[in-house]
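Residue numbers begin at 1 in each chain, while the letters A, B, ... track the order of the sequences.
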Amino acid sequence: MSHAVVRTALERALEEMGAPSTEVHLERPRDPAHGDVATNVAMTLASILRKPPREIAEELVRRISEGEPGIERVEVAGPGFLNFHLSTDRVTAGLREVLELDESFGKGTAGEGRPVVVEFVSANPTGPLHLGHGRQAALGDTISALLEWNGWEAYREFYYNDAGRQIELLARSVQARYLEHFGRDASVPEDGYHGVFVIELARAFAETAGDRYLEDSPEGLAEMRRFAVDRIRKEQDRDLSDFGVHFDEYYLETSLYDEGRVDRTIERLRETGLVYEHEGALWLRTTEYGDQKDRVMVKSDGSPTYFLPDVAYHLTKWERGFQDAINVQGADHHGTVDRVRAGLRALGLPAGYPEYVLHQMVTVEREGKEVKFSKRAGSYITLRELVEEVGADVTRYFFLMRKPEAHLVFDLDMALDQSDKNPVYKVQYAHARICSIFRKAGLDWEDVDPEAADLTLLETEQERELAKKLTEFPELIARAGAHRAPHLVCEYLEQTAGQVNSWYHAGNPTRNPQLAVLVDDTELRRARLALASAIRVVLRNGLRLLGLNAPVRMEKESD
RNA sequence: GCGCCCGUAGCUCAGCUGGAUAGAGCAUCGGCCUUCUAAGCCGAGGGUCCCAGGUUCGAGUCCUGGCGGGCGCGCCA
């Protein structure tokens, strides 16, 4: 790539000067006037060489500017920066690579094909998914995609807590509504589930089971539990599927008990010598590994706490061959991180396993005020309600556009706006506009032969900047993947779309026919079509990575 | 009280391994409509980067101490 030219030139010049070998840091200057590539080596070497940075910089310039191919000129600027201006062919040559690689442009190999399990959503089957789950679904799915783009083998996993007390409460809640359905006196437990969906569940259950469970019985409750969990799981699956999220595996907590993994985990922990009894309960000395306090594994009544199956579950990840595991969870669960890791370390797993991406909560605002309405769940807005109102693409993008650890304000007014003010539409429009140029020209993008185009004709500043932006895409994907940061992709797409839209509009034939893609000059037209085609590739790849559509044309929704 | 996260323009937020004059969108203001689609375009104003120290050629970024907000600190899940 273009940076390589500069790097080799710099390294050679430094060697000639007898400078100690250092990491040469190259960066893309924000201001185009500062050239295409810049470096601060002269400044970092100043103290080592005991020379003023500008003096070092000037010597480097003397050694480099002597006819280095691809480098048009080098300048010293500011306190000692070196600014490289590349020749246009060096800047635009990258476009050929974009077109050749097409759907795989942006892919990297950092993961070397290694497997990584990404756990996310992991909602209890006790009600409809809320917005926190939605954010998590978008994050987990996209982080998985980012890892795949960087050469990992991502495995999307959903852990079902189908064994605990919450399930019992759900069953009790359904039972109460069931009795009410038949006109009996009953009330939902105080800490039970009060949403409308419980009434729906009870009614549906009454329709299939009839009135034969009006007497309180273990069998009846078990039937209701099974029925409710099954229904809710199906509903959650449908909501996630409509949101474009699919899992490779649903791991059931009950299976940990059924397969004896929980008991085996206790045994293995006992062998570490970190287990002790206190006031009738069984504890693990997690403080040994940095936890705030020791944790109870088995309560004095003989039942395990949540901690134990959690450790057993994460142990299976390691045993299933995942040396890398990422958990996407709400930040309200961060208290469990240290203890789970401590439990795993006691069993010999490495520190820091698994890795966590903790995200903050979501609030929805309309006209600057928070809205909390919900028809079905009562106290919270469901994912489905939001998706039905603004669409899956907009919902996904909005959940991804902020870094996970920051609180997210979902602006409904902006989400419902179908103009370029809405970042999602802005990016999709940019893509559709480029596609429309090809329609207008009566061409398919496949018809564009990058080899036949003279890309040095793309010499306006706007086109050079655009070409640079497009060729930065792979680097961006690498960084976003390494940081587990989908929001960087959103930011990149929005910036790129802005540049694209402005390039497109500048070439409006009624205003500046000479700047239009479809100019009369055949050679220039060919070059611009190649650029347009490269734009299409990058925008589409970015949108797909985020799990959004890349529409060829935009249909206005009239309502 | 202890731990984690956040604090950047009126609002919502970016800001890479510490770099040049701190950026974007929304909102506001000014100018543009017979289109490679004006649900748009061009331009402008707007800043104590929470505060105080420190590290160094250089700090929004790193360190220490405060302040403000969120979350977590059960033999709950």
Side-chain angles (χ1 to χ4, degrees), chain A residues 23 25 27-31 33-34 38-40 43-44 46-47 52-53 77-81 83 124 126 161 163-167 169 191 278-283 292-293 295-307 310 330-338 358-361 365 368 401-411 413-414 417-423 425-426 429 432-434 436-441 475-476 479-480 482-483 485 487-488 490-492 494-495 498 501-502 504-511 513 515-519 528 532 553-554 556-557:
Chain A
E23 181 70 18
H25 172 64
E27 61 182 39
R28 156 95 191 270
R30 268 193 293 269
D31 185 348
H34 294 152
T39 183
N40 62 349
M43 281 135 81
T44 54
S47 56
F81 285 100
N83 291 338
N124 292 341
T126 52
N161 300 129
R165 193 179 110 82
Q166 295 307 315
I167 303 290
L169 272 175
D191 46 358
H278 177 66
E279 293 178 355
L282 201 61
W283 296 67
Q292 296 265 105
K293 50 170 82 165
R295 304 295 169 180
V296 172
M297 302 191 298
V298 182
K299 296 183 252 180
S300 50
D301 68 1
S303 63
T305 61
Y306 201 72
F307 168 55
D310 241 20
D332 53 338
H333 289 95
H334 77 248
T336 64
V337 171
D338 283 345
L358 300 175
H359 67 87
Q360 287 292 341
M361 295 299 126
E365 285 187 6
M401 69 201 269
R402 305 300 177 211
K403 62 180 162 196
E405 61 271 29
H407 175 83
L408 178 79
V409 176
F410 196 108
D411 183 342
D413 301 305
M414 190 182 284
D417 192 309
Q418 290 187 35
S419 77
D420 279 15
K421 286 177 196 164
N422 181 334
Y425 284 89
K426 177 175 174 175
Y429 266 113
R433 283 182 178 123
I434 293 302
S436 85
I437 293 175
F438 286 89
R439 271 199 304 279
K440 180 86 178 179
E475 198 182 307
L476 167 91
R479 189 154 49 91
H483 289 82
H487 74 282
L488 296 177
C490 295
E491 196 196 350
Y492 171 86
E494 202 179 334
Q495 285 169 5
N501 287 332
S502 147
Y504 171 89
H505 288 292
N508 184 324
T510 58
R511 204 175 308 157
L515 290 179
V517 173
L518 303 177
V519 280
R528 285 187 179 154
R553 56 159 48 105
M554 299 296 280
K556 185 176 183 181
E557 253 181 57

Looking for any heavy atom pair under 4.0 Å, which part of the strands does [X] touch: base, sugar-phosphate only, or nothing?
X	value
S502(A)	sugar-phosphate
N124(A)	sugar-phosphate
A441(A)	nothing
K299(A)	base
A281(A)	base
H359(A)	nothing
L358(A)	nothing
D191(A)	nothing
N508(A)	base

- Message: It should be established whether K421(A) places a side-chain nitrogen or oxygen under 4.0 Å from OP1 or OP2 of nucleotide rG40(B).
- Response: no

- For rA24(B), does OP1 or OP2 lie under 4.0 Å from any side-chain N or O of K426(A)?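 No, K426(A) has no side-chain N/O under 4.0 Å of OP1/OP2 on rA24(B).
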
- Message: Please report the distance, rounded to the nearest Å, between NE2 in H487(A) and C1' in rC5(B).
- Response: 15 Å

- Measure from NE2 on H334(A) to P on rG70(B) and round the result to the nearest Å. 15 Å

Please give the distance between the [atom1] atoms of [N] and [M] as a whole number of Å.
N	M	atom1	value
rC5(B)	rA52(B)	P	24 Å
rC50(B)	rC16(B)	C1'	24 Å
rC29(B)	rC13(B)	C1'	23 Å
rG68(B)	rU56(B)	P	32 Å
rA24(B)	rG15(B)	P	15 Å
rA14(B)	rG54(B)	P	30 Å
rG69(B)	rC75(B)	C1'	33 Å
rC63(B)	rG3(B)	P	15 Å

- Nearest of rC6(B), rA39(B), rA20(B) to any side-chain atom of F81(A)? rA20(B)

- Task: For the side chain of Q360(A), starting at C-beta, report the closest nucleotide among rC5(B), rC75(B), rG40(B).
- Result: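 The closest nucleotide is rC5(B).
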
- Want to settle it: does T336(A) or F438(A) sit nearer the 5' end of RNA chain B, counting the closest nucleotide to each? F438(A)

- Query: More 5' along RNA chain B: D338(A) or D417(A), using each one's nearest nucleotide?
  - Reply: D338(A)

- Message: Between N422(A) and D417(A) (side chain of the first, backbone of the second, donor and acceptor by atom type, cut-off under 3.5 Å), is there such a pair?
- Response: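 Checked: pair present.
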
- Does T305(A) reach the main-chain N or O of V298(A) with its side chain, forming a donor-acceptor pair under 3.5 Å?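 Side chain of T305(A) to backbone of V298(A), a donor-acceptor pair under 3.5 Å: no, none is there.
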
- Stacking check H505(A) vs rG40(B) (5.5 Å / 30 deg):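 Given the distance and angle limits, no, they do not stack.
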
- Query: Do the side chains of E27(A) and N40(A) get nearer than 4.5 Å, heavy atoms only?
  - Reply: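 No - every pair of side-chain heavy atoms lies 4.5 Å or more apart.
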
Using side-chain hydrogen bond (donor to acceptor under 3.5 Å, both in side chains) as the criterion, list what pairs up with [X], not counting sequence neighbours.
X	answer
H407(A)	T363(A)
R295(A)	D291(A)
R165(A)	D191(A)
T126(A)	Y193(A)

- Query: Can a donor-acceptor pair under 3.5 Å be found between the side-chain atoms of N83(A) and the base atoms of rA20(B)?
  - Reply: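 Side chain to base: pair present.
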
Hey, what are the protein-to-nucleotides 11-13 of chain B N/O distances that come in under 3.5 Å?
unit_1	atom_1	unit_2	atom_2	d
rU12(B)	O2'	R402(A)	NH2	3.1
rC13(B)	OP1	H407(A)	O	2.8
rC13(B)	O2'	R402(A)	NH1	2.6

Just to verify, what does [X] make a ring pair (Phe, Tyr, Trp, His ring centres under 6.0 Å) with, not counting sequence neighbours?
X	result
F410(A)	F398(A), F399(A)
Y492(A)	F473(A)
Y306(A)	none

Atom pairs, protein N/O to nucleotides 57-63 of chain B N/O, distance under 3.5 Å:
none

